[in-house]
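Since the structure comes first, as structure tokens, the remarks are kept for the end.
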Amino acid sequence: MRNKRNLIMFIISYVLNNLVSGVLYDTYVNYLQEVNESIATSFWAFYGYATFISAAILLVVPKTGYKKLLLFCSVACSAAFFSVTFTHSESIFYVTTLLALTGIQLHYVMLAPYVATYTNTLEDKGIGWYTRTYYMGYVGYFLTTYLGGVFTVKMFSLHAGTTYAVAKEITSNIADVTPEIRASYLQGNEDVLLITGILSALAIIPVLLIKEEKDDYMLAESEKKQVSLGERAKDIISVLFNKDAAVYLAYWTIISFAMGLFTSYYTVFLNRNLHIDKATSSLLVSLSYLAIAVFMLFTPWVVRKLGNVGTICLTVIGSVPFMLIIANGDAFGDAMVPMVGMALFMRAGFANLGSPAESALSMSVIPNHLRPAYNSVVNFLAGIVSIISGNFTGQILFVNQEGYRTAYYIAAVLYFTAAVILFLGLRKYNRSSGDSAEEE
């Protein structure tokens, strides 16, 4: 009963966390495009720094437990959004961006080991709880991505003293507006960011209701004993020399680099390259997050039919054609908005249908006592690759606006490559979630 309660409280906090991330990856990135373009174009590098920091923090779970770290996630995000709203120094954005992303990413990297810990003694193991968590999280992501765009335009219209329809039209070419209109647009963004800071603070409540016992997180250490830094280093080395773990690491690092080329810049591309207004572009991106929630309803069924590896490979490759449609959205003329919307919906659905299978697979390729070390290594590498990806976009790919389109072509090739590596290296793990649960 306590385990189920803790899982439910985690899901609630995870949903609230995703509500915040919906604004962070949409409204906040667009806001940065106006106030600090260098951070905006290399946003994925900050994601990498945050992932790196989160992976390091995860190593202290055996000392602190999960609850204190979950509290930090909410406080960090709230502090970041409040600082953005009330402090208008250009340098503060380096701190707020890193702080907000760390709060979001730490919550995410705790998902797999947390769920694994509290499902050990439950009949409903593995894929079921992963799917519920991801599903509910993306529903939250959908809501705030859409509402963030709508509220931004609404608040912009109020500050500019114009109608919603006029403000919406202006945002389709926001780079060409007067300084006065631009100031009103920024104020509209700041209003939304302030509300998001308050929303993030609410995530503290379900975390406080988690009833954590020392044995919960001490189970992450072999035989419930304190482990020295030297022994922990040996665990990490064991992970690196585990062939199956190395294959998954190769897959995940390629995917992380590819994701960094376009996933954080959806609305920037739609707004600046395809000239779709802010409210509509946010709506299209939010529908793609809704697609994730819808497609994940079928994850358990697909995994039973194709296995974990088969599901991941098919969905990653299946998303590639839709990435190419998005990149060439303006080729569809008057049908651009519905075609791009459909492609965003299908790409997000395919690419993320296998996310719960990824979490389950990552925990299957390594012995139980190495799970915390392995999860940290996965996120350390993902962080490093994300930093490289972010610097690549900021210093090379996005030096001109057309680079946002080229990113989709590069990412499509990398997605296909990652899927092939995973299938060739880990097809022996291609079994159903039920089989995996029995082995655990």
Side-chain angles (χ1 to χ4, degrees), residues 11 14-15 17-27 29 104 108 111 127-128 130-150 255 258-271 274 276 278-303 305-306 310-329 332 335-359 407-408 411-412 415-416 418-419:
I11 290 175
Y14 187 76
V15 170
N17 183 72
N18 272 30
L19 287 171
V20 172
S21 64
V23 174
L24 182 68
Y25 290 118
D26 184 75
T27 302
V29 173
I104 295 293
Y108 175 77
L111 190 157
I127 204 74
Y130 287 121
T131 301
R132 292 186 192 98
T133 307
Y134 277 113
Y135 173 77
M136 294 300 296
Y138 278 115
V139 168
Y141 213 19
F142 155 72
L143 288 173
T144 51
T145 300
Y146 168 61
L147 294 176
V150 171
I255 288 292
M259 286 170 57
L261 302 182
F262 69 99
T263 54
S264 293
Y265 312 104
Y266 279 138
T267 53
V268 174
F269 176 74
L270 299 184
N271 191 232
L274 303 184
I276 300 174
K278 180 68 178 72
T280 302
S281 61
S282 291
L283 172 60
L284 294 181
V285 175
S286 68
L287 288 175
S288 73
Y289 298 135
L290 178 62
I292 297 172
V294 172
F295 273 61
M296 280 188 179
L297 290 175
F298 301 96
T299 296
W301 180 83
V302 175
V303 170
K305 295 294 183 180
L306 303 179
T311 298
I312 297 167
C313 293
L314 180 65
T315 54
V316 168
I317 293 175
S319 69
V320 170
F322 300 106
M323 293 162 63
L324 300 179
I325 292 175
I326 297 168
N328 295 280
F332 295 97
M336 176 180 67
V337 171
M339 284 299 294
V340 170
M342 177 278 297
L344 281 166
F345 187 91
M346 296 302 294
R347 192 223 73 85
F350 267 108
N352 291 278
L353 185 151
S355 292
E358 285 181 340
S359 294
Y408 286 88
Y415 265 50
F416 184 84

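Computation of the quantities below employed the complete heavy-atom set of this structure, encompassing side-chain atoms and omitting hydrogens, waters and symmetry-equivalent molecules. Note that the coordinates shown come from a computational prediction; the quantities given were computed from them, not determined experimentally.
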- Check whether more than 12 heavy atoms from other residues, nucleotides or ligands sit under 6.0 Å from atom CZ of Phe298, and answer yes or no. no
- For the pair Leu284 and Val337, evaluate side chain to side chain contact (heavy atoms under 4.5 Å, CB included) and give the outcome as yes or no after the intermediate values. CA-CA 8 Å; Leu284 294 181; Val337 171; 4.2 Å; yes
- Query: Can you name the nearest heavy-atom pair linking Val29 to Ser264, along with the distance?
  - Reply: CG1-O, 3.7 Å
- Thr145 and Asp26: side chain donor to acceptor below 3.5 Å: no
- Task: Give me the ring orientation class for Phe262 and Tyr415: parallel if the planes are under 30° apart, tilted from 30 to 60°, perpendicular past 60°.
- Result: tilted
- Query: Under the criterion ring pair (Phe, Tyr, Trp, His ring centres under 6.0 Å), which of Tyr265, Phe269, Phe322 is the partner of Tyr408?
  - Reply: Phe269
- Message: Could you measure the distance from the CE atom of Met342 to the CG atom of Leu287? Nearest 0.5 Å is fine.
- Response: 13.0 Å
- Task: Looking only at non-hydrogen atoms, find the nearest pair between Ser286 and Tyr146 and report the distance.
- Result: OG-CB, 3.1 Å
- Task: For the pair Lys305 and Thr311, evaluate side chain to side chain contact (heavy atoms under 4.5 Å, CB included) and give the outcome as yes or no after the intermediate values.
- Result: CA-CA 9 Å; Lys305 295 294 183 180; Thr311 298; over 6 Å; no
- Item | Closest non-hydrogen atom pair between Ala419 and Cys313, with its separation | O-SG, 3.3 Å
- Considering only heavy atoms from C-beta outward, does the side chain of Thr144 approach that of Val20 to under 4.5 Å? no
- Message: Please find the pair of heavy atoms, one from Val340 and one from Gly329, that lie closest to each other, and give the distance.
- Response: CG2-CA, 3.6 Å
- Quick check: does any side chain N or O of Thr280 sit under 3.5 Å from a backbone N or O of Ile276, one acting as donor and the other as acceptor? no
- Atom CG in Leu314, atom CD1 in Ile312: separation rounded to 0.5 Å? 11.0 Å
- In this structure, CG of Asn18 is separated from OH of Tyr25 (nearest 0.5 Å) by 9.0 Å
- Message: Leu270 vs Leu344, test: side chain to side chain contact (heavy atoms under 4.5 Å, CB included). Steps then yes/no.
- Response: CA-CA 11 Å; Leu270 299 184; Leu344 281 166; 3.9 Å; yes
- Query: To the nearest 0.5 Å, what is the distance between CE (Met346) and CD1 (Ile325)?
  - Reply: 9.5 Å
- Verdict with reasoning, Asn352 to Arg347, per side chain to side chain contact (heavy atoms under 4.5 Å, CB included): CA-CA 8 Å; Asn352 291 278; Arg347 192 223 73 85; 4.2 Å; yes
- The reported gap from CG in Leu274 to OG1 in Thr267 (rounded to nearest 0.5 angstrom) is 11.5 Å
- Message: Has Ser319 got a side-chain atom pairing as donor or acceptor with Val316's backbone, closer than 3.5 angstrom?
- Response: yes
- Message: If I compare all heavy atoms of Ser288 with all of Ala348, which pair ends up nearest, and what's the gap?
- Response: O-CB, 3.2 Å
- Closest approach of Ala258 to Ala411 (non-hydrogen atoms, all atoms of both residues): O-CB, 3.8 Å
- Can you tell me how far the OG atom of Ser21 sits from the OH atom of Tyr14, to the nearest 0.5 Å? 7.5 Å
